[in-house]
**Q** 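Quick one: this structure, given as structure tokens, is what I'll be asking you about.
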Amino acid sequence: MLLEAGQTRSAPARPPGTRTAWRSTVSLPRPEADGTCSLTVTYENGTDEELRPGGESFGRGVSGIGSARLVVRPGKSLDEHVTDYGLTWLDREKSASVLMPPLGEDEKRIVPVRIKPTRKGTSIPGPK
């Protein structure tokens, strides 16, 4: 699933007689005084069953590249390669520890993400 800051996406409709699936929302980055940015990814389970938003393993759950469940990287969601700037995901392990446990029906989980641009002057979109 490709989401950019400030976007929400829901799973496709489910068969009649079952409830809507999950929904995830990415907040806009919030600049911090120390030059880092914080954002959150909120997962909401609207199904009749337990979900695993992080998948089955840490390596498949979070990443800065690839096809993990939660990928945090610079650029737009469809950019193949960004060369002029980068970022460091400062709390990847914390994000994974919040993301990985099963999410019960009707539960909501907020995954914190803290990033730092790799060079001064890198623009991070934020609230207007």
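Because the structure is predicted, anything quoted here is derived from the model rather than measured.
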**Q** Taking all non-hydrogen atoms of both residues, which atom of Glu105 and which atom of Asp48 are closest, and how far apart?
**A** OE1-O, 3.3 Å

**Q** Would you please name every residue forming a side chain to side chain donor-acceptor pair (under 3.5 Å) with Thr88, sequence neighbours left out?
**A** none

**Q** Looking only at heavy atoms, what is the nearest atom pair of Val98 and Pro112, with distance?
**A** CG2-CD, 4.1 Å

**Q** With heavy-atom distances below 4.5 Å as the criterion, would you say the side chains of Ile110 and Tyr43 are in contact?
**A** no

**Q** So how far is it from Arg52 CZ to Leu99 CG, rounded to the nearest 0.5 Å?
**A** 10.0 Å

**Q** Please report the closest heavy-atom contact between Pro29 and Cys37, naming both atoms and the distance.
**A** CB-CB, 4.3 Å

**Q** Does the side chain of Ser38 come under 3.5 Å of the side chain of Glu32 through a donor N or O and an acceptor N or O?
**A** yes

**Q** Applying side chain to side chain contact (heavy atoms under 4.5 Å, CB included) to Val111 and Thr40, what does each step give before you reach the verdict?
**A** CA-CA 5 Å; Val111 178; Thr40 59; over 6 Å; no

**Q** With sequence neighbours left out, write down each residue that passes side chain to side chain donor-acceptor pair (under 3.5 Å) with Arg109, or none if nothing qualifies.
**A** none

**Q** Side chains of Leu39 and Val26: does their closest heavy-atom pair fall under 4.5 Å?
**A** yes

**Q** Any carboxylate oxygen within less than 4.0 angstrom of a Lys/Arg side-chain nitrogen, looking at Arg114 and Asp34?
**A** yes

**Q** On a heavy-atom basis, which atom in Ala96 and which in Val62 lie closest, and how many Å separate them?
**A** CB-CG2, 3.7 Å

**Q** Considering non-hydrogen atoms only, spot the tightest contact between Pro53 and Leu103 and give its length.
**A** CD-CB, 3.9 Å

**Q** Is it the case that the side chain of Asn45 and the backbone of Gly104 share a donor-acceptor pair, with hydrogens and angles ignored and the cut-off at 3.5 Å?
**A** yes

**Q** Run the side-chain contact (heavy atoms from CB on, under 4.5 Å) test against Glu50 and tell me which residues pass, sequence neighbours left out.
**A** Pro102

**Q** Would you say that Lys108 contacts Thr42 through its side chain, given a criterion of any heavy-atom pair below 4.5 Å between the two side chains?
**A** yes

**Q** Looking at Ile115 and Trp89, what are the two nearest heavy atoms and their distance?
**A** CG2-CA, 4.3 Å

**Q** Can a salt bridge be assigned to the pair Arg23 and Glu44 using a cut-off of 4.0 Å between side-chain N and carboxylate O?
**A** yes

